[in-house]
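Following: one structure in structure tokens, then a few remarks.
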Amino acid sequence: MFFASLNRAKDLVVWSWTYLWAFWFILVAFVLFYLRGPLKISENLGMATMFLSTLTPKFYVALTGTSSLISGLILIFEWWYYRRYGMSFIEQVSLNHISPWLGGGDPPDSSATSPPTVPECKVWRNPLNLFRGAEYQRFQTATKKEPLTYYDMNLSAQDHQTFFTCEADAGSKPEYEIMQTAWRERNPGARIKAAKEAIVLNPECATAYILLAEEEALDINEAEVKFKEAFRIAETNYRRSQQLQHQNQLMESQHRRDTNVMIYIRRRLAMCARKLGRLKEAVKMFKDLAKEVPPIMNVLNIHENLLECLLEMGNYADVQAVLAKYDDISLPKSAAICYTAALLKARSVADKFSADVAGKRGLTVSEMAAVEAIHRAVEFNPHVPKYLLEMKPLILPPEHILKRGDSEAISYAFYHLTHWKRVDGALNLLHCTWEGTFRLLPYPLEKGHLFYPYPSCTECADRELLPVFHEVSVYPKKELPFFILFTAGLCSFTALLALLTHQYPESMGVIARTILMWVSAPLHYILEKADSVLPTSLLHLLSKM
């Protein structure tokens with residue numbers, strides 16, 4: 001009973017403080033009105049008016065010009081911050097720091113050493129990532145544009161350190177210590193040099209050959225040769241550590257490292273076979289890997305490589321079998337799974353589909369199933385259709401992707417656009433139906449239809465993963481923040497005032513005085529009425545009491 005009363009009293013105090021500012025404002029106005037005589041407010045206002053009337057037009061030109069410059073600088077900063085982080089800086093500061101104080105909420109933690117950050121989205125290793133030397137480097141040489149961001153390459157370095165190092169390497173194996181730092185080098189030449197130094201120390205350092213195959217090889221044939229050499233060494237190391245893995249914990253970690261190296265090399269060899277047109281060989285290698293891969297390497301998503309190879313072969317029955325295994329409610333989804341399922345459904349009806357005919361007679365059962373599959377895929381990743389329909393230009397996919405983000409859409413469309421074009425009418429069906437998904441999702445950030453609500457952090461993560469020359473796709477489309485529009489209007493208005501005051505000083509002075517008279521007229525009227533009703537001073541009122 002006591003605690004209930006205490007909580008009610010606390011709620012009453014919080015409620016009273018919410019409206020106390022209005023009472024405080026009325027009280028200040030009341031006191032100023034009654035003390036207008038001793039404070040000589042009228043005389044001071046008259047002196048201020050006289051001072052303003054003596055100012056030259058040059059002062060007003062400087063004032064409006066300075067205001068325009070300051071508001072322009074604020075506009076430039078706000079626009080840069082919005083393009084960089086997808087939000088207004090002033091709005092963010094207001095919500096995170098000012099609103100808690102005005103609204104009676106908890107103030108920001110002053111002991112925190114870092115500013116509040118956008119919620120982190122999990123990034124995944126791109127199962128279809130390209131070869132750095134044979135593909136990314138050739139693109140950079142031809143276009144003078146960097147296809148990979150430092151953030152993306154740093155994530156790859158972390159992956160390599162996680163999968164290609166172990167506790168047994170510390171101290172006793174300098175070649176692996178060299179490789180541990182080599183992955184983090186920003187300069188490709190420094191990475192290649194470090195790998196060659198590791199090979200000099202130990203010709204059986206498989207990870208050094210992996211780096212040379214990724215970075216130094218200038219085409220896929222050369223990369224395949226280097227990966228085969230790495231595989232020969234890695235297979236020997238794997239068999240050796242397999243026999244010793246039960247001796248102690250260090251040997252067990254070394255065998256786990258050798259297993260990861262073997263899986264990585266076999267996957268890259270399968271990708272080489274796919275790129276060189278040996279599709280049956282690539283499919284067999286990917287199927288074997290999908291069966292043998294340990295749980296820790298599931299992040300490679302080898303089934304997506306298998307799906308792409310089967311689609312290239314036109315083996316739709318096996319594609320359906322792979323989807324039946326991996327398109328499960330308990331497994332994480334991807335754009336490859338959702339859009340491939342939609343492609344298979346569209347394949348049965350797309351060649352005869354007509355939007356005009358369907359609008360008159362309605363959709364058949366198979367057409368409805370295809371449209372629902374497209375809606376499901378678009379809800380999962382709404383960025384993909386613009387790339388498949390070639391409404392946005394494609395770029396080379398990054399080495400890491402964000403599921404449901406623009407980076408995943410680029411990676412999917414880069415490989416699967418040809419598969420959609422191969423199915424007659426599939427892109428037409430997609431063009432006619434994909435935008436209908438958004439009518440089912442009026443508030444995608446708050447409530448989804450078939451999936452969880454769309455994450456709000458994808459834009460910031462994609463900006464870190466994708467190169468600066470690419471315009472990141474944003475969903476849902478954001479309107480310009482109020483403060484950007486406000487500062488743009490303020491900058492334009494003050495610049496116009498400065499120009500008019502400089503060109504027509506006399507006319508602008510007359511206009512300014514007229515506006516001041518119009519604004520002050522109601523205030524003078526209210527003061528005169530108050531003087532006729534209320535006493536002239538607080539002291540006079542007290543004397544009557």
Side-chain angles (χ1 to χ4, degrees), residues 125 129-138 140-141 146 148 150 152-245 247-273 297 300 399:
R125 182 79 178 177
N129 65 309
L130 306 179
F131 294 84
R132 284 192 185 177
E135 293 171 306
Y136 288 122
Q137 192 62 40
R138 289 174 60 189
Q140 185 174 353
T141 303
E146 294 187 0
L148 298 175
Y150 175 68
D152 190 16
M153 291 191 292
N154 189 48
L155 290 175
S156 297
Q158 294 177 16
D159 292 340
H160 295 144
Q161 287 182 317
T162 301
F163 295 128
F164 298 161
T165 59
C166 65
E167 299 173 359
D169 299 335
S172 60
K173 297 181 180 180
E175 67 276 11
Y176 283 98
E177 293 182 2
I178 291 176
M179 290 306 302
Q180 189 170 6
T181 58
W183 297 114
R184 288 194 172 274
E185 292 287 348
R186 298 192 65 173
N187 187 2
R191 291 195 291 269
I192 294 172
K193 181 180 177 182
K196 291 181 177 179
E197 290 177 358
I199 292 175
V200 170
L201 292 175
N202 181 9
E204 295 186 352
C205 182
T207 55
Y209 285 97
I210 290 176
L211 191 146
L212 293 179
E214 294 281 359
E215 304 267 358
E216 191 180 35
L218 299 180
D219 55 42
I220 302 300
N221 285 308
E222 186 179 351
E224 186 179 34
V225 171
K226 292 182 181 294
F227 270 118
K228 286 182 177 179
E229 179 65 19
F231 179 74
R232 182 186 63 79
I233 297 171
E235 189 175 25
T236 303
N237 295 338
Y238 172 79
R239 290 175 178 174
R240 185 186 303 127
S241 62
Q242 187 178 27
Q243 297 174 357
L244 305 175
Q245 62 174 315
Q247 289 187 1
N248 52 51
Q249 192 172 1
L250 289 179
M251 297 306 297
E252 183 180 353
S253 67
Q254 182 175 338
H255 177 66
R256 189 161 52 246
R257 189 272 312 278
D258 292 338
T259 303
N260 294 340
V261 171
M262 280 280 291
I263 291 172
Y264 183 90
I265 295 174
R266 289 173 62 189
R267 173 176 166 269
R268 292 307 257 176
L269 283 172
M271 293 182 72
C272 289
M297 298 296 283
L300 295 177
E399 293 185 336

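Quick caveat, the model's predicted, so the values are computed rather than measured.
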Open item on the list: Which residues pass the side chain to side chain contact (heavy atoms under 4.5 Å, CB included) test with Arg232, not counting sequence neighbours?
Closed with: Glu229
Task: Atom CZ of Arg125 with >12 non-hydrogen neighbours under 6.0 angstrom - done: yes
Task: Heavy-atom neighbours of Glu146 CD exceed 12 at 6.0 Å - done: no
Task: Geometric class of the Phe164/Trp183 ring pair [parallel <30°, tilted 30-60°, perpendicular >60°] - done: tilted
Task: Pairs where residues 190-232 contributes a residue and the test ring-ring contact (aromatic ring centres under 6.0 Å, His included) is met, not counting sequence neighbours - done: none
Measuring from [X]:[atom1] to [Y]:[atom2], what's the distance to the nearest 0.5 Å?
X: Asp219; Y: Glu224; atom1: CG; atom2: CD; result: 10.5 Å
X: Thr181; Y: Gln161; atom1: OG1; atom2: CD; result: 8.5 Å
X: Gln242; Y: Asn237; atom1: CD; atom2: CG; result: 12.5 Å
X: Ile210; Y: Ile265; atom1: CD1; atom2: CD1; result: 4.0 Å

TODO: Could you go through the side-chain contact (heavy atoms from CB on, under 4.5 Å) check for Lys228 and Leu269 one step at a time?
DONE: CA-CA 7 Å; Lys228 286 182 177 179; Leu269 283 172; 3.8 Å; yes
Test item: [X] and [Y] side chains (from C-beta on) under 4.5 Å apart, heavy atoms:
X: His255; Y: Thr259; answer: yes
X: Arg239; Y: Gln243; answer: no
X: Leu148; Y: Gln140; answer: no
X: Asn248; Y: Met251; answer: yes

Open item on the list: Arg257 vs Asn260, test: side chain to side chain donor-acceptor pair (under 3.5 Å). Steps then yes/no.
Closed with: CA-CA 5 Å; Arg257 189 272 312 278; Asn260 294 340; over 6 Å; no
Listing, residues 193-208 side-chain donor-acceptor contacts under 3.5 Å, not counting sequence neighbours, or none:
{"from": "Lys196", "atom 1": "NZ", "to": "Glu216", "atom 2": "OE2", "distance (Å)": "2.9"}
{"from": "Asn202", "atom 1": "OD1", "to": "Glu204", "atom 2": "N", "distance (Å)": "3.0"}
{"from": "Asn202", "atom 1": "ND2", "to": "Glu175", "atom 2": "OE2", "distance (Å)": "3.0"}

Task: Closest non-hydrogen atom pair between Gln137 and Pro188, with its separation - done: OE1-CG, 4.4 Å
Open item on the list: The criterion is salt bridge (Lys or Arg N to Asp or Glu O under 4.0 Å); which residues satisfy it with Glu215, sequence neighbours excluded?
Closed with: Arg132, Arg191
Task: Intermediate values then yes/no, side chain to side chain donor-acceptor pair (under 3.5 Å), Gln254 and Ser241 - done: CA-CA 7 Å; Gln254 182 175 338; Ser241 62; 5.6 Å; no
Open item on the list: When you measure from the side chain of Glu135 to the backbone of Phe131, do you find a donor-acceptor pair of N or O atoms at a distance under 3.5 Å?
Closed with: yes
Open item on the list: Suppose we screen for side chain to side chain donor-acceptor pair (under 3.5 Å). Which residues come up paired with Arg268, at least two apart in sequence or across chains?
Closed with: Asn129, Glu214
Task: ring pair (Phe, Tyr, Trp, His ring centres under 6.0 Å) involving Tyr136 - partner list, sequence neighbours excluded - done: none
